[in-house]
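Computed from a predicted model, the values in this text were never measured in an experiment. Letters A, B, ... are given to chains in the order of the sequence lines, protein chains preceding strands, and every chain is numbered from 1.
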Number of protein chains: 2
Amino acid sequence: MITLTEENYIKAIYHLGKYGVNNVSTNAIAKEMETKASSVTDMVKKLSEKSYVDYKKYQGVTLTGKGKEVAVNIVRKHRLWEVFLVEKLNFSWDEVHEVAEQLEHIKSKKLISQLDAFLEFPTHDPHGDPIPDKTGKIKKIDKILLSEAKIGDDCICVGVQDSSSDFLKYLDKNNIALGTELKVCHREPFDNSVTIRIKTKELIISNMIANNLFVKVS
Amino acid sequence: MITLTEENYIKAIYHLGKYGVNNVSTNAIAKEMETKASSVTDMVKKLSEKSYVDYKKYQGVTLTGKGKEVAVNIVRKHRLWEVFLVEKLNFSWDEVHEVAEQLEHIKSKKLISQLDAFLEFPTHDPHGDPIPDKTGKIKKIDKILLSEAKIGDDCICVGVQDSSSDFLKYLDKNNIALGTELKVCHREPFDNSVTIRIKTKELIISNMIANNLFVKVS
DNA sequence: AATAATTTTTAGATTAATCTAAAAATTATT
DNA sequence: AATAATTTTTAGATTAATCTAAAAATTATT
């Protein structure tokens, strides 16, 4: 049996290891989990004994195949529930995370396969993140950050890097949603702010915003 | 903050105290929770300190107003989720309990109010049990056990006492569902088995079955 | 390469929930 | 009413997850 806490550690290690980082450090996990490094060391030993992670003292951890399976399944559940909350229960995209954090731990294969079907097998969650299929396969889309787009590019908004409530509300306020088409008009060399055009309206976006918005160049 | 275990104890005390029993005994709780009496004593002290129950040593416990509120809210969530599972995710009525046991602990007011609306404010769960409203009000219907119905009564099936998978599957097999109309034809004095007629078909039902099926005399 | 700074682990303690075995209180029976 | 049977509580231990403070190992800096 896997405990709720173990699942959360595995998820944290998965997210931290996502971008090429092979050995996730104790401190990184502690920060992500909002706990102390000593607690992480204890838990990591336990996860290692149960062979969810490979761990050598002072060397950090990597998920094993078994660990990755658990992680991807949690991510799948989290994202399917997010779709449910937005599509069926009228949650806005900045409200779903907290609830999905709870729902992702419900254990029932039938529940998830039926939910998947009920939602008509969605491929992406409300933030544009891909939903792993039942076998754990995740299909990547070739998205780039708006801050990396070239002047003159016609883009379509496909995701967010940060999904904090403040950021998502900013996007709502400025009528930027997944699927929104925009053109990159100008990048100011001094602060890397970006002028974009949505339909006929121009909007100036800070570098920080541009760094958290994924687009696909069309 | 209330823990998951505390919620489960409160729920157990609620269900045990439902039928007039005022002081729920330590042993009764232990049996319901599949734990030991000594564990119950400890927990009951804690619940008493947090004023979810009134407790005097050796005297059993009663839920306080605060405790009842928690209990009814869990029951509401449990039953709403059961409706969701059956109506939207095509679960059969004997499959929902285990999953609902998990879902009932998800904490989000918005989730429940939106789910309620999505399901179009159901008043009863798939087993015929009433769903408390947001204020905790439960409306009773004047149901009786089939074993208490008189010969010649025209009844409509409105609920089950026991909701074990075995019992529910028996009902499915014999085409008895909520809303099924039946006539009480005969009661055998020797074993209290009951002959009923559904549409044109007669069926003999043991006393044990009749003791677990709620009907409304029409 | 030695020392300083940082990171990680160890040792020992704490809280929540549980257990077993024995003691205490209550209830049932003679 | 005294004794037996049952129920409940107490005492002390255990497991999971956490913490603080100190020790050990690693990494960075002079």
Problem set entry | Heavy atoms of other groups near A/I151 CD1, more than 12 under 6.0 Å |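 Buried by this count: over 12 neighbours within 6.0 Å.
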With respect to the phosphate group of [N], does any side-chain polar atom (N or O) of [X] fall under 4.0 Å of OP1 or OP2?
{"X": "A/N27", "N": "C/dT6", "result": "no"}
{"X": "B/Y9", "N": "C/dA16", "result": "no"}
{"X": "A/S25", "N": "C/dT7", "result": "no"}

For this session: Check salt bridge (Lys or Arg N to Asp or Glu O under 4.0 Å) between A/E101 and all other residues, then give those that pass, not counting sequence neighbours.
Result: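 A/E101 satisfies salt bridge (Lys or Arg N to Asp or Glu O under 4.0 Å) with A/K11 only.
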What pairs meet the side-chain hydrogen bond (donor to acceptor under 3.5 Å, both in side chains) rule with one or both residues in [range], with sequence neighbours excluded?
{"range": "residues 60-75 of chain A", "answer": "A/N23-A/T62"}
{"range": "residues 49-59 of chain B", "answer": "B/E6-B/K50"}
{"range": "residues 110-122 of chain A", "answer": "A/R76-A/D116, A/K110-B/E95"}

For this session: Taking all non-hydrogen atoms of both residues into account, name the closest pair between A/V194 and A/A210 and its distance.
Result: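 Scanning both residues, the minimum pair turns out to be CG2-CB, 4.0 Å.
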Exercise. Contact class for A/T41 vs. all strands (heavy atom < 4.0 Å): base, sugar-phosphate, or nothing?
Worked result: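 It contacts base atoms.
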Exercise. How do A/T5 and B/A28 order along DNA chain D: which one's closest nucleotide is nearer the 5' end?
Worked result: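 By nearest-heavy-atom nucleotide position, the 5'-most residue is B/A28.
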Can you tell me the distance, in whole Å, between the [atom1] atom of [X] and the [atom2] atom of [N]?
{"X": "B/K45", "N": "D/dA11", "atom1": "NZ", "atom2": "P", "result": "8 Å"}
{"X": "A/M33", "N": "C/dT8", "atom1": "CE", "atom2": "C1'", "result": "18 Å"}
{"X": "A/I2", "N": "D/dA16", "atom1": "CD1", "atom2": "C1'", "result": "14 Å"}
{"X": "A/L4", "N": "D/dA16", "atom1": "CG", "atom2": "C1'", "result": "12 Å"}
{"X": "A/Y55", "N": "C/dT9", "atom1": "OH", "atom2": "C1'", "result": "7 Å"}
{"X": "B/M43", "N": "D/dT9", "atom1": "CE", "atom2": "P", "result": "14 Å"}

Exercise. Which residue pairs pass the salt bridge (charged side-chain N to carboxylate O under 4.0 Å, His left out) test with at least one member in residues 123-133 of chain A, sequence neighbours excluded?
Worked result: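 Matches after skipping sequence neighbours: A/R79-A/D125.
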For this session: Name all stems that contain residues of DNA chain C, defined as runs of 3 or more consecutive Watson-Crick or G-U wobble pairs, both distances under 3.5 Å.
Result: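 Stem list for DNA chain C: C:1-30 with D:1-30.
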Determine all donor-acceptor pairs shorter than 3.5 Å in which one atom belongs to a side chain in residues 26-35 of chain B; sequence neighbours excluded.
none

Short N/O separations, protein against nucleotides 19-26 of chain D, under 3.5 angstrom:
residue: D/dC19; atom: OP2; partner: A/T35; partner atom: OG1; Å: 2.5
residue: D/dC19; atom: OP2; partner: A/K36; partner atom: N; Å: 3.1
residue: D/dC19; atom: OP2; partner: A/S39; partner atom: OG; Å: 2.6
residue: D/dT20; atom: OP2; partner: A/K36; partner atom: NZ; Å: 3.1
residue: D/dT20; atom: O4; partner: A/S38; partner atom: OG; Å: 3.0
residue: D/dA25; atom: O4'; partner: A/Y58; partner atom: OH; Å: 3.3

For this session: With sequence neighbours excluded, tell me which residues meet ring-ring contact (aromatic ring centres under 6.0 Å, His included) with B/H78.
Result: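 For B/H78 the ring-ring contact (aromatic ring centres under 6.0 Å, His included) partners, ignoring immediate neighbours, are B/H97.
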